[in-house]
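Some notes on the structure that comes next.
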Amino acid sequence: MSAPLATPRLRVPRSARRGEAFEIRCLMTHPMETGLRPDAPPRDMLNRLLVRVEGQVALDATLRNGTAANPYHVFFLRLERSSEIEFIWSDEGGRSVRATARVTIA
Amino acid sequence: MSNPRLRRRALLTLLALPWPAAAAGLQEAIRDAVGEGAFTEAGITLALPATAENGGQVPLTVQVESPQTEALHVTAIHIFATRNPTPGVASFRLTPLLARAEVQTRIRLAEHQQVIAIAVMSDGTRRRAVAEARVSTGGCLA
């Protein structure tokens, strides 16, 4: 519980075409321990993944018990100009980890 | 699904789906997420493997037909497991910055059950899809 959150793994293209869809994959190493199992360790859950493009919310996910360990998400963005994409995972204890990626529009 | 009679029949079938021994609080969880009201089952696809070897990591894809413009886009996708110890899987708030109203993730399923995806559109309409997966090894309490 007190170990720091892991470093997220992102798969984001470095460049994309203006206005065309591209895929983003992200994986966060985390047990997503619900505390419901017999003899389970204490509850330890990520409850949010927030994705912003140049500060604007693109996707805001609330994660609950049914989300698997090592939460993995795939979604599709489209951009009109080169942008920074920011990913923030937060846990129920208020800790968070942030990662960013830059996509250049050719 | 352009035939109105077929569509009505599909809707009735969906409303009549039996959920024996549904997860405690399933209906409440759905009501908390999207309120009361009718659903259509057109324009939304929920994909799950027919059989999941490992219930702890079940791939899931939700796709909603939507232009993702300011005028018409998906504002939320909610996912519920009908026979897990708790029904909530995840809720996604979407914006027109997303090129497609599509999310892929991996979920936990305790046993053979139905999974429900509900999409809320920016015009207030709601769509629902149901998919069923068999589970070889339960993913919640193991």
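Note on naming: letters A, B, ... go to the chains in the order of the sequence lines (proteins, then strands), and numbering restarts at 1 for each one.
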**Request:** Any chance you could lay out the side chain to side chain contact (heavy atoms under 4.5 Å, CB included) test for B/Q68 and A/F76, step after step, and finish with the verdict?
**Result:** CA-CA 11 Å; B/Q68 289 305 97; A/F76 298 85; over 6 Å; no
**Message:** Before you tell me yes or no, could you show the steps for B/R93 and A/L50 under side chain to side chain contact (heavy atoms under 4.5 Å, CB included), namely the whole-Å CA-CA distance, both residues' side-chain angles and the distance that decides it to 0.1 Å?
**Reply:** CA-CA 9 Å; B/R93 301 275 162 199; A/L50 180 63; over 6 Å; no
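For the 3.5 Å distance criterion, the side chains of B/S91 and A/R64 qualify, holding a donor opposite an acceptor.
Cluster membership for B/V74 and B/I118, using ILVMFWY side-chain heavy atoms within less than 4.5 angstrom, is not shared. Linking ILVMFWY side-chain heavy atoms closer than 4.5 Å, directly or via other members, places B/L72 and B/V34 in two distinct hydrophobic clusters. In the hydrophobic cluster analysis, where Ile, Leu, Val, Met, Phe, Trp and Tyr join through side-chain heavy atoms closer than 4.5 angstrom, B/M121 is grouped together with B/I44. Criterion: ILVMFWY side-chain heavy atoms under 4.5 Å apart, direct or through other members. Under it, B/I107 and B/V103 are part of a common hydrophobic cluster. B/V120 is not connected to B/I79 by any chain of hydrophobic side-chain contacts under 4.5 Å among Ile, Leu, Val, Met, Phe, Trp and Tyr, and they are in different clusters.
What you find for A/M32 and B/R108 is that their closest heavy atoms are O-NH2, 2.8 Å. Here the shortest heavy-atom pairing between A/A58 and B/L98 reads O-CG, 3.6 Å.
Here the straight-line distance linking atom CG of B/L97 with atom CG of A/L59 works out to 10.5 Å at 0.5 Å rounding. Here CD1 of A/I24 is found 12.5 Å from CD of B/Q104. Values are rounded to the nearest 0.5 Å.
Of residues 48-61 of chain B, those residues with a non-hydrogen atom less than 4.5 Å from any non-hydrogen atom of chain A are, in numerical order, B/G56, B/Q57. When the heavy atoms of residues 67-75 of chain A are compared with those of chain B, the residues falling under 4.5 Å are A/T67, A/A68, A/A69, A/Y72, A/H73, A/V74, A/F75, listed by number. Contacts between residues 6-22 of chain A and chain B, counted as heavy-atom pairs separated by less than 4.5 Å, involve A/A21.
Using a 4.5 Å cut-off between heavy atoms, A/L49 does not touch chain B at all.
More than 12 heavy atoms of other residues, nucleotides or ligands shown are found within 6.0 angstrom of CZ on B/R126. In this structure, B/E132 places its CD atom where more than 12 heavy-atom neighbours from other residues, nucleotides or ligands lie under 6.0 Å away.
Counting heavy-atom pairs closer than 4.5 Å to chain A, the top-ranked of the candidates B/T95, B/T105, B/V89 is B/V89.
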N/O donor to acceptor pairs below 3.5 angstrom from side-chain atoms of residues 80-88 of chain A, sequence neighbours left out:
unit_1	atom_1	unit_2	atom_2	d
A/S82	OG	A/I105	N	2.9
A/S83	OG	A/R81	O	2.8
A/E86	OE1	A/R52	NE	3.0
A/E86	OE1	A/R52	NH2	3.3
A/E86	OE2	A/R98	NE	2.5
A/E86	OE2	A/R98	NH2	3.4

